[in-house]
There are 2 protein chains.
Amino acid sequence: MNRRDRLELRTLRYFVAVAEELHFGRAAVRLHMSQPPLSRAIRALETELGATLFHRTSAGVTLTRAGAVLLDEARALLDRAERVPARVAAAAGAATLTVGILGDSTDPDVVRLADAYRRRHPHVEVTVRETDLTDPTCGLHAGLVDVALTRGPFDPTGLTTQTLRADPVGALLRADDPLAGRASLAPAELADRRWFRFPEGTDPLWQAYWNGGEPRPGPVVRTVRECQQVVLWNGTVGMTLADHVPAEGLTVVPLTGLPPSQVVLAWPRTDPNPLIRSFVRLAVAVYDASQGLS
Amino acid sequence: MNRRDRLELRTLRYFVAVAEELHFGRAAVRLHMSQPPLSRAIRALETELGATLFHRTSAGVTLTRAGAVLLDEARALLDRAERVPARVAAAAGAATLTVGILGDSTDPDVVRLADAYRRRHPHVEVTVRETDLTDPTCGLHAGLVDVALTRGPFDPTGLTTQTLRADPVGALLRADDPLAGRASLAPAELADRRWFRFPEGTDPLWQAYWNGGEPRPGPVVRTVRECQQVVLWNGTVGMTLADHVPAEGLTVVPLTGLPPSQVVLAWPRTDPNPLIRSFVRLAVAVYDASQGLS
DNA sequence: TGCGACGATACCCGCGCGGTATCGAGTGTG
DNA sequence: CACACTCGATACCGCGCGGGTATCGTCGCA
């Protein structure tokens, strides 16, 4: 009568674990769960099938004849089920996912995300396209990438976005700058300086944010490296991540009163490619887990 | 990351339904569910497998190549899974369940329960043992039956019991009895009559209940038929179910102030036979459903 | 007879699943 | 050309199931 009364693979996985360990406690460990729900699940399976699967004696647990038969059947089913994803993937053709990454991402979470995705979808050919700072969407609109692992803010028209993390920002200064020794700075204290900025045509939201709230005059940069060079050589200033470890001769001072910089995942609003969905799901999980333990 | 991310048979059943109907709405009907969760499940499956399974065009739904492959795989898996219960049952040997039924059970729910159980466990050999009224446990203690579908009250020592329903009771009288025309009776109004009773050694709780709260003198009966005969021939009275349709020359008048008669399922407390468990589960479901619509 | 091992039971909680309501896109029609 | 209809997708909600912790009951053993 209940809906939980048809055979399911999960139950069979439980059964196989117990049948192989012949010990509920150890099987539970192997299944990364605790013993009581496992006992219950096996009991429910016995009820469902109308047959006792294990002899529970004080000496230990042994398979009944019915249990032995089910073990064969279950292994066959699980083996076959195991191979289904690979076969479907093969039929779908060489699956490809192109991830756009904003130039400076030495983010350790990106590595963890790449690992996790590779483990989850070994058949997917992931290509990474690193882009400079002049396009926060990493070429999403041009169709150059399927999904962009980038930073905000930018015009989200036609895109779906998902914020993964927020990092405090800081001012990038020469190490011998008079303000270099400060524990923190307000953007106003740098109002009279020249700030590096991005080329004409760059997303205005993006431009404004990285100039401390409003576009300011200064040299044009395209890459992280250029930002550093232009500060070193011109004595300009600019924004970067507060925990950024700068190059020799540069320093970073935390900026106060500014919204933190968000790590954002973006992808086309209408793209039906399910690889994107699973990538997004995984990314959220990985970044959340990372948040949790920090 | 979630636990809901391994392939499950339920999901495959959904997929096969949609693949065969090529229409989400109709597939949902076939699966006895509504369309939105079905759409979600298919989407989740696509995400999980990293492949699009259906082309959703305005013209309708068609399978992709990946979907076609999955359809084959899914059918193979489901076919095999379908046969598992039968094979396990065969290995367990001829499964037998003996149900004890108290003599007078012309209860329609019993029929529905028998049907449901037969549908659910077609391989189980169900034998029914109808017993007289002298043992409310239908021979459970003697091991004559596995489970008793009976009425209370009785001594539950060593048994597990489950109440399924409660029915009002009435007095069984001759149709020409002075009290026969009454709309209802209190047991006290029959205090001076002789009540039929059960033989020496019958469960005391049982004996007392069916004599209106305390054992009263009167002729000894063993079966429902004997009850009727003894009332017809001796002018004795006794208790029966209020909605009982009596034989010619008899009548039933509802009794007030007595606890209703409970339909009770009873089985040995320590019997490991899983057939009993599933029978009990089903019985509860059937009787509950029956309650609901009354 | 106390103790340890181990499966079963009791009870609680969070989330995944299925429900209803609604949207939005695409299409045929007066 | 607007309107209505179809049908899958989305938003949101409530509940039951699956998994958790605590504890029990039983059996073997010192």
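Everything quoted here is computed from the prediction, not taken from an experiment. Reminder, nothing fancy here: chain letters follow the sequence lines and each chain counts from 1.
- Backbone-only engagement by B/Arg43 is indicated by non-hydrogen atom pairs under 4.0 Å involving sugar-phosphate atoms exclusively.
- Side-chain N/O atoms of A/Arg10 and base N/O atoms of D/dG18 include no donor-acceptor pair closer than 3.5 Å.
- A/Thr127 has its side chain out of reach of A/Val99: every pair of non-hydrogen atoms, C-beta onward, lies at least 4.5 Å apart.
- Taking atom CG on B/Leu38 and atom C1' on C/dG19, their separation rounds to 13 Å, with Å as the unit.
- At a threshold of 4.5 Å between non-hydrogen side-chain atoms, the residues B/Asp167 and B/Arg151 count as touching.
- Within the 4.0 Å cut-off from OP1 or OP2 of D/dC7, not a single side-chain nitrogen or oxygen of B/Arg56 is found.
- Closest to the side chain of B/Arg40, out of D/dC12, C/dT9, D/dG20, is D/dC12.
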Handout entry: Sequence-aligned protein contact record of nucleotides 21-30 of chain D, with B where the base is within under 4.0 Å of a protein heavy atom and S where only the sugar-phosphate is
Key = BB----SS--
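- Taking atom CG of residue B/Leu45 and atom C1' of nucleotide C/dC17, one finds them 15 Å apart after rounding to whole Å.
- Salt-bridge check for B/Glu73 with B/Arg80: failed, with every basic side-chain N at 4.0 Å or more from each acidic carboxylate O.
- Recorded end-axis angle for the helix from C/dT1-D/dA30 to C/dG30-D/dC1 stands at 10°, based on five pairs per end and rounded to 10 degrees.
- Backbone-only contact: A/Tyr14 has heavy atoms under 4.0 Å from sugar-phosphate atoms and none from a base.
- Distances shorter than 4.0 Å separate some side-chain N or O of A/Ser39 from OP1 or OP2 on C/dA8.
- A salt bridge links B/Glu20 with B/Arg75; the closest basic N to acidic carboxylate O contact falls under 4.0 Å.
- For the pair B/Glu8 and A/Leu9, the tightest heavy-atom approach, listed with the atom from each and the gap, is OE1-N, 3.0 Å.
- Rounded to a whole Å, the NE2 atom of B/His55 is 17 Å from the P atom of C/dG26.
- Across the protein-nucleic acid pair, A/Glu8 atom CD and C/dC17 atom C1' stand 13 Å apart, rounded to whole Å.
- Looking at heavy atoms from C-beta onward, A/Val147 lies in side-chain contact with A/Leu265 at the 4.5 angstrom threshold.
- Taking atom CG of B/Leu31 as the reference point, atom C1' of C/dC17 lies 14 Å away to the nearest angstrom.
- Every ring pair (Phe, Tyr, Trp, His ring centres under 6.0 Å) that B/Phe15 has, sequence neighbours left out, goes to B/Phe54.
- Between B/His32 and B/Arg277, the residue whose closest nucleotide on DNA chain C is further toward the 5' end is B/Arg277.
- For the side chain to side chain contact (heavy atoms under 4.5 Å, CB included) with B/Leu31, the lone residue among B/Leu38, B/Val18, B/Val16 that qualifies is B/Leu38.
- Contact annotation: the side chain of A/Thr150 never approaches that of A/Thr131 to less than 4.5 Å [non-hydrogen atoms, C-beta and beyond].
- The nearest pair of heavy atoms linking A/Trp206 to A/Leu102 is CH2-CD2, 3.4 Å.
- B/Arg281 has its CZ atom 12 Å from the C1' atom of D/dC17, to the nearest Å.
- Here D/dC7 is the nucleotide among D/dG18, D/dC12, D/dC7 with the atom lying nearest to any side-chain atom of B/His23.
- Rounding to whole angstrom units, CZ of residue A/Arg26 and C1' of C/dA5 are separated by 12 Å.
- Checked against C/dG7, D/dG8, D/dG19, the side chain of A/Phe24 finds its nearest nucleotide in C/dG7.
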